[in-house]
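Below: the structure, in structure tokens.
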Amino acid sequence: MDLGAGVRVMSTVLTPSTTDELASIVRESVAAHRSLAVRGVGSWSLALARASAAATPLSMAKMSGIVEYVPGDLTLTARAGTTLVEIEAATRANGQWCPLLPWGTDDGTLGATFATATTGPFRAALGAPRDIAIGVEFVDGTGAIARGGGRVVKNVAGFDLTRLMVGSWGTLGVITEISMRLRALPAVDSTLVVQCDVEDPAVLARIDAFRRGPYVPLACECIGAAHAMTLGLGEARLLVRVGGNAAFVAESVRRLGELGTVEAHAPELWAHYRERDPYRRHFTDAYATPLAARVKRKFDPHGILNPNVLGEVTS
Amino acid sequence: METLRRIVGDRHVLTRSSELLVYENDALPGYHKRPSLVVLPGTADEVVAVVRALYAAGLQWVARGAGTGLSGGALADDVVLLGLHRLKKIISVDPIARLAVVEPGVVNANLTKAATPFGLHYAPDPSSQTACTIGGNVAENAGGPHCLKYGVTLNHVQAATVVLPDGEIVKLAVPADHEAALDLMGAFVGSEGCFGVALDVTVRLTPNPEGIRTMLADFSSMDDAARATSAIIAAGILPAALELMDQATIAAVEASVYAAGYPTDCAAVLLVEVDGPECGLDDDAAAIAALCRECGARDVRTARDATDRARLWQGRKKAFGAMGRVASHLAVQDAVVPRTRLAPILARIAEIGTRHGVHVCNVFHAGDGNLHPNVPYNADDPDENARVHSAMKEIMELCIAEGGTISGEHGVGFDKLPYMEKLFPGDSLDAMCRLRDAFDPLRRANPGKVVPSHACREWISAPGFGS
């Protein structure tokens with residue numbers, strides 16, 4: 001159907017609700033020479049723009065829900081389409097938190113966060129997705145269902161399919177389930193705004209000295225004047241989160257006080273701050289090397305998963 | 001062989017059976033496999049030349065660091081053994097970026113020694129750290145007591161130059177935050193020598209903590225000690241280490257030269273360490289002591305000084321060695337279970353031990369749920385040998401059934417191969433084989449380890465399989 005220039009007919013969005021259904025979709029896609037553009041809630045506009053227009057959208061939104069959460073183990077297993085909001089609510093009720101806190105909004109999914117290996121302002125203190133994931137289930141480009149890792153916090157059994165999947169942007173397999181570590185919320189959790197000129201190199205050197213310890217903060221971000229304004233913070237500022245017992249936090253605040261006046265803020269400030277990703281993702285031609293090309297051929301031999309997102313096999 | 005001698009020099013190709021004997025086993029007693037020959041390159045260029053020569057000759061090989069592995073991973077069964085312990089240069093230490101670049105044969109503790117003048121250390125600390133090499137640690141994704149807070153080898157390796165089994169040299173690195181790229185570095189760590197040989201490794205260095213408090217809590221039941229472990233973790237305190245030793249282990253340690261002054265009349269001790277900046281450290285230590293007492297600890301004592309602390313740790317780090325006094329052989333296990341299941345699982349392990357008439361010594365990383373139920377025994381007694389192996393099998397099956405895994409830090413190697421199919425469904429093992437095949441399509445590196453070869457469909461259907 002031709003609707004004229006500039007109008008593209010959106011093909012049907014595939015929405016599996018079980019891993020078996022997803023595996024069937026992939027197998028049918030192989031047979032039909034159809035490629036798939038995997039998405040969570042579709043907030044990764046950059047990835048969607050890079051995905052080949054000919055690919056059929058595959059939404060993971062229906063594959064959601066927490067599978068297992070044992071607070072005492074500080075581990076959680078959830079399906080890929082589960083939103084970060086859901087994880088946050090479940091863990092907070094037990095005095096715990098999900099250490100991902102990625103750039104973007106919390107209506108994004110767990111699967112997308114791990115598949116894109118998106119970090120956030122807490123990365124240095126709490127780890128990147130590769131450090132937080134402990135197990136994964138995925139469907140590869142042939143429709144095979146595989147698992148790597150498990151639900152325990154330490155595991156070296158078998159080759160590391162978890163690290164292979166995290167950050168592969170759905171180009172080697174569609175993540176269907178993720179097991180991850182959680183953290184206990186610190187006894188005292190303070191969000192602080194320090195009034196200091198973060199554009200002055202002398203101040204920056206002192207901020208760097210603070211950040212490097214020994215009172216390591218959960219996050220320590222320098223915000224330029226324009227960004228500070230949008231957060232309602234006035235001029236250029238230092239935004240810090242410190243967590244620990246009362247004595248640790250008190251000493252951290254004292255040290256920050258040497259940089260400028262310290263004001264306490266509600267932790268919600270971080271949600272606003274995270275909405276604006278300071279990084280522009282740099283996409284590499286991930287499959288340009290012979291080794292990476294072999295990996296791609298082993299997991300997506302027909303090249304149907306997120307074609308073009310990380311580049312294509314050329315050799 | 002002439003080619004190999006030309007590359008590394010006559011002295012570094014070993015072929016006499018008296019010389020090969022040294023390389024017949026790793027640190028796990030009970031297995032012996034003789035390599036066809038041993039080649040010991042001294043530089044990265046020699047490693048590459050050796051790998052290329054072996055590739056051209058169509059030979060399989062096994063890489064080996066210091067031979068301190070505990071899963072039979074470095075056993076070479078009539079294939080070439082590639083020893084890397086001569087590559088022991090620390091190439092650079094960058095105290096500002098907190099990174100070091102090292103050759104694979106650098107001993108773990110020597111790296112920390114090199115970082116000490118800068119107030120830094122290399123955090124993963126396997127108990128064999130005075131002997132084991134960084135290359136071996138990368139291959140096994142090695143852990144250690146302090147990994148509870150600081151993470152395992154995977155979390156500390158930033159980059160590596162690797163020679164693949166076909167002789168190609170590749171640079172692997174953890175993608176930067178702003179980079180959309182595959183994490184083949186992450187896939188390489190823990191690949192047990194099946195994906196290639198690291199020629200150099202870039203690792204993160206960690207600042208030394210300002211203060212350390214080391215405590216020893218003793219309990220009159222294992223159950224209480226396990227409950228205290230869960231209570232500490234649930235309280236939101238992340239200790240640097242949280243180790244549990246049972247009565248049998250304490251008895252072995254205290255009877256040995258490594259005696260650490262552990263109370264021999266208790267059922268279990270917890271060795272708990274917190275570290276970090278001074279402000280707040282005593283409060284965390286006090287909170288831990290209170291939790292231990294609430295869970296039934298008879299006594300909690302804090303190390304007075306560095307000497308006292310070293311003594312408390314010595315007993316833990318040398319516990320495997322101390323068990324060597326008890327019998328000629330030691331069966332070593334390395335399962336991980338959910339922390340909240342520790343108490344019932346330890347009770348079941350004790351029951352399994354009693355039923356098979358074997359002497360289980362538990363010494364393990366309780367904070368991670370990483371069990372080491374070890375059994376000293378005499379492998380030359382066929383009856384005892386059989387009982388030990390049945391008990392071990394039952395313990396591993398119990399850990400799998402409880403939602404755990406078969407290895408937390410020692411690797412699968414050769415020893416744990418039979419449990420892989422119980423742990424992972426067939427398609428998962430096949431996916432693991434495919435990942436290996438991307439790195440080593442002809443399966444030249446460390447043949448027969450990690451994944452049972454009959455679990456790999458493509459491999460079975462490949463022409464020439466079994467020949």
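Proteins come first, then strands; the chains are lettered A, B, ... in the order of their sequence lines, and each starts at number 1.
Both the backbone and the side chain of B/Asp284 come within contact range of chain A, judged by heavy atoms closer than 4.5 Å. Contacts between B/Ile237 and chain A at a heavy-atom distance below 4.5 Å are absent for every atom of the residue. The part of B/Leu164 that comes within reach of chain A is its side chain, from C-beta onward, which places non-hydrogen atoms under 4.5 angstrom from that chain. Contacts of B/Leu435 with chain A are made by both backbone and side-chain atoms, with heavy-atom separations under 4.5 Å. Of the two parts of B/Val337, only the backbone, made up of N, CA, C and O, holds a non-hydrogen atom closer than 4.5 Å to a non-hydrogen atom of chain A. Proximity to chain B (any heavy atom under 4.5 Å) is restricted, for A/Val70, to the side chain, taken from C-beta onward. Using a 4.5 Å cut-off between heavy atoms, B/Phe195 touches chain A through its side chain atoms alone. Both the backbone and the side chain of B/Ser191 come within less than 4.5 Å of a heavy atom of chain A. Heavy-atom distances place the side chain of B/His365, and not its backbone, under 4.5 Å from chain A. Contact of A/Ala144 with chain B is made through backbone and side chain together, with heavy-atom distances under 4.5 Å. For a residue to count as touching a neighbouring chain, one of its non-hydrogen atoms must lie under 4.5 Å from one of that chain's; by this rule B/Glu210 touches chain A with the side chain only. Contacts between B/Leu172 and chain A at a heavy-atom distance below 4.5 Å involve the side chain alone, from C-beta outward. Of the two parts of B/Leu154, the backbone and the side chain both hold a non-hydrogen atom closer than 4.5 Å to a non-hydrogen atom of chain A. In this structure, chain A has a heavy atom under 4.5 Å from the side chain of B/Val450, while its backbone stays farther away.
Smallest separation of non-hydrogen atoms from B/Val412 and A/Ala157: CG2-CA, 3.8 Å. Among all heavy-atom pairs drawn from A/Tyr215 and B/Glu278, the shortest one is OH-N, 3.8 Å. Contact between A/Ala184 and B/Gly236 at its shortest, heavy atoms only, is CB-CA, 3.3 Å. Between A/Ala146 and B/Ala431, the shortest heavy-atom distance links the atoms CB-CB, 3.8 Å. Shown here for A/Val156 and B/Glu140, the closest heavy-atom pair between the two residues is CG1-O, 3.8 Å. When all heavy atoms are compared, the tightest approach of A/Lys154 to B/Gly143 is CE-CA, 4.4 Å.
With hydrogens and angles disregarded, a donor-acceptor distance shorter than 3.5 Å links the side chain of A/Thr284 to the backbone of B/Ala180. Put simply, the side chain of A/Asp73 gets close to the backbone of B/Arg339: a donor and an acceptor are under 3.5 Å apart. One N or O on the side chain of A/Asn245 and one on the backbone of B/Gly280 form a donor-acceptor pair closer than 3.5 Å.
Side-chain contact between A/Asn155 and B/Ser407 is absent, with no heavy atoms from C-beta onward closer than 4.5 Å. A heavy-atom distance below 4.5 Å is found between the side chains of A/Leu164 and B/Leu184. The shortest side-chain heavy-atom distance between B/Leu182 and A/Lys296 does not fall under the 4.5 Å cut-off.
Ranked by heavy-atom pairs under 4.5 Å with chain A, the list B/Ser230, B/Ala187, B/Pro338 is led by B/Pro338. Taking A/Arg151, A/Arg294, A/Arg212 one by one and counting their heavy-atom pairs under 4.5 Å with chain B, the maximum is reached by A/Arg212. Of the listed residues (A/Val249, A/Asp160, A/Thr75, A/Val152), the one with the most heavy-atom contacts under 4.5 Å to chain B is A/Val152.
A cation-pi arrangement is not found for A/Arg147 relative to B/Phe424, the charged atom failing to lie both closer than 6.0 Å to the ring centre and inside a 45° cone about the ring normal.
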